[in-house]
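Chain naming here is simple, since letters A, B, ... match the order of the sequence lines and numbering starts at 1 in each.
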2 protein chains.
Amino acid sequence: MTRRDIPDATVARLPVYLRALHPLVTAGVEVVSSEELATIAGVRSAGLRKDLSYLGSYGVRGVGYDVERLASEITRQLGLQHPWSVAIIGMGNLGHALAAYSGFATRGFRVQWLVDRDPAVVGTEIAGMRVVDFEQFAATVTEQVIAVISTPPVAAQEVADAVVELGVRSILNFAPGVLSVPSHTQVRKVDLATELQILAFHEQRGKDDARIATDGIEASG
Amino acid sequence: MTRRDIPDATVARLPVYLRALHPLVTAGVEVVSSEELATIAGVRSAGLRKDLSYLGSYGVRGVGYDVERLASEITRQLGLQHPWSVAIIGMGNLGHALAAYSGFATRGFRVQWLVDRDPAVVGTEIAGMRVVDFEQFAATVTEQVIAVISTPPVAAQEVADAVVELGVRSILNFAPGVLSVPSHTQVRKVDLATELQILAFHEQRGKDDARIATDGIEASG
DNA sequence: AAGACTTTGTGAAGGCATGCACAAAATCGC
DNA sequence: GCGATTTTGTGCATGCCTTCACAAAGTCTT
Ligand SMILES: NC(=O)c1ccc[n+]([C@@H]2O[C@H](COP(=O)([O-])OP(=O)(O)OC[C@H]3O[C@@H](n4cnc5c(N)ncnc54)[C@H](O)[C@@H]3O)[C@@H](O)[C@H]2O)c1
Ligand SMILES: NC(=O)c1ccc[n+]([C@@H]2O[C@H](COP(=O)([O-])OP(=O)(O)OC[C@H]3O[C@@H](n4cnc5c(N)ncnc54)[C@H](O)[C@@H]3O)[C@@H](O)[C@H]2O)c1
């Protein structure tokens, strides 16, 4: 029961629920109903309950869910009890912003390496961290690490190959284009122009309809 | 037939196909088969053909698809014949990177306004553009515009309310959290910490399995 | 202690998306 | 001009996700 197979769609929403729970935890709220939490998270209550049921039975009928217990259970399921190490590769405009982003640390990640190949960038300090070249990165990385690729598109594949070679099995890719990786490696991509193009399609077409959200759901009230 | 209803999943992949076609167009390739294009785009050929069939019959059996015609048809369907105006609101770390990003211009978008509320930022120049405050933005915006929100999370809702008030119906939101908007407004959100958390889940769990991609598909060869 | 009330957990149904397999349609070679 | 070959377009089956609806299980009131 604890180890049922969790559907992909549910996994993608667990982070949303966790973030929705956070203010409740800090506010000291003890219990929350699926209805309330669903509103905060921007989903339907029935779907929320079904999602949570995959984690086991952590609610109490007639009452709701214990906020702290639920948060800690989702945290455990996502594997966020201990922070993950992250390496950002490609310290250009986007890499700078990512390095300075505080949202990673508060949500279970520790940016541990800033990597670039440009000798003019290597050795400089960004957001309090020293930028290293790939060799230094390769020499110091030991633990499990998630690689964030923010190099130009033309360099993305070679960077992916190199980090896979180092044993990395999780990649977040900002460079538009398809990465070829071994089947045991997972890649998630963020393509901002694609997002805008999807918006453009609906804006152009749906003079009437218009709703649609990425994977969560846009709120109502 | 031209105006069949295009499924959301297909719409989300059209930008991928368009990007896959681009190098072929510039290389002067005249025809491409669904097999070849699917490989470039990182999808299955059967799915690609089904997706394209929603646009109408633009392939020739036994031959393939006319590269230029297909690209122009997808461009038309996405509403990208003419560039869309984009306003970036919140010129911090992320806003800077977005303003400097050349990938928007090459894929159908023109960043026309950089907006911030901080008097120390308003009036400065970023990536060759002058930063304005919201009042100046509100006074000069006339045409259809897509709003990109890159303010801190706490300001995101009020900014969304303000741009909706101006008539904006498409929002790309980088601030984590749920936005409440009228039903005729579409919101897409990009939440990087969520992406990392999904990667963390699979990395922690799937010692064996691991595949999964955002909405596209990670490549094979 | 029992009945009223609340809210979870889930079975069942419907809708979408994906993948398969093949007929239809076009070209090419002779 | 015809048969072999290639590749599209799509009907069908399968599986996944979402939504509905309600029984089960708990609390609260009296
Ligand atoms: N800037 C944005 O807002 C934005 C938005 C969406 C997507 N992207 C994508 O993100 C990527 C980075 O964008 P950017 O604007 O920061 O580009 P950029 O040119 O400013 O920075 C790229 C950096 O990568 C480094 N680099 C190049 N090859 C490398 C290698 N092999 N190993 C390590 N480092 C290497 C360069 O030295 C440079 O510092 C691009 O693929 C871009 O398409 C950027
Ligand atoms: N930096 C990143 O890489 C990154 C990554 C993912 C998500 N985000 C999110 O993107 C948003 C921006 O991040 P950032 O690092 O650039 O933050 P930042 O603090 O560097 O910049 C925020 C900017 O928004 C401006 N601002 C605040 N309120 C405003 C308002 N009402 N109207 C207009 N402008 C306003 C501020 O003056 C500031 O310039 C945040 O919500 C953050 O969570 C950032």
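In this structure, of dT8(D), dG9(C), dG9(D), it is dT8(D) that holds the atom nearest to the side chain of Ser34(B).
In the interface, the side chain of Lys50(B) is paired with the base of dG19(C) through a donor and an acceptor atom under 3.5 Å apart. If you check distances only, the side chain of Arg61(A) never reaches the base of dT7(C) with a donor-acceptor pair under 3.5 Å.
Between Asp8(A) atom CG and dA17(C) atom P the separation is 16 Å, expressed in whole Å. Following rounding to the nearest Å, Asp66(B) (CG) and dT8(D) (C1') show an atom-to-atom distance of 15 Å. The CZ atom of Arg69(B) sits 14 Å away from the C1' atom of dT8(D) (whole-angstrom rounding). Rounded to an integer number of Å, the gap from CD of Glu35(A) to C1' of dT6(C) is 12 Å. Atom CZ of Arg13(A) is separated from atom C1' of dT19(D) by 12 Å (rounded to the nearest Å). The interatomic distance linking Arg44(A) (CZ) with dC20(D) (C1') rounds to 12 Å, in whole Å. Separating the CD atom of Glu36(A) from the P atom of dT7(C) is a distance of 8 Å, rounded to the nearest angstrom. Taking atom CG of residue Leu48(B) and atom C1' of nucleotide dT10(D), one finds them 14 Å apart after rounding to whole Å.
Applying the 4.0 Å criterion to OP1 and OP2 of dC17(D), one finds that Tyr54(A) has every side-chain N and O outside that range. OP1 or OP2 of dG9(D) has at least one side-chain nitrogen or oxygen of Tyr65(B) nearer than 4.0 Å.
A donor-acceptor contact closer than 3.5 angstrom links the side chains of Arg107(B) and Thr194(A).
Both Arg49(B) and Ser33(A) lie near DNA chain C, and the one whose nearest nucleotide falls closer to the 5' end is Ser33(A). Mapping Gly59(B) and Asp51(A) onto DNA chain D by nearest heavy atom places Gly59(B) closer to the 5' end of the strand. Between Ala46(B) and Val63(A), the residue anchored nearer the 5' end of DNA chain D, judged by the nucleotide with its closest heavy atom, is Ala46(B).
Under the 4.0 Å criterion applied to side-chain N and carboxylate O atoms, Glu143(A) and Arg110(A) are not assigned as salt-bridge partners.
A heavy-atom distance below 4.5 Å is not found between the side chains of Phe134(B) and Arg117(B).
Across all their heavy atoms, Ser45(A) and Glu35(A) have their closest contact at OG-OE1, 3.3 Å. Of all heavy-atom pairs spanning Ser180(B) and Asp161(B), the tightest one is O-OD1, 4.0 Å. For the pair Leu94(B) and Ser150(B), the tightest heavy-atom approach, listed with the atom from each and the gap, is CD2-CB, 4.2 Å.
Rounded to 10 degrees, the angle separating the terminal axes of the helix from dA1(C)-dT30(D) to dC30(C)-dG1(D) is 10°, with each axis obtained from five end pairs.
Here the OH-CD1 distance, from Tyr65(B) to Ile74(B), works out to 10.0 Å after rounding to the nearest 0.5 Å.
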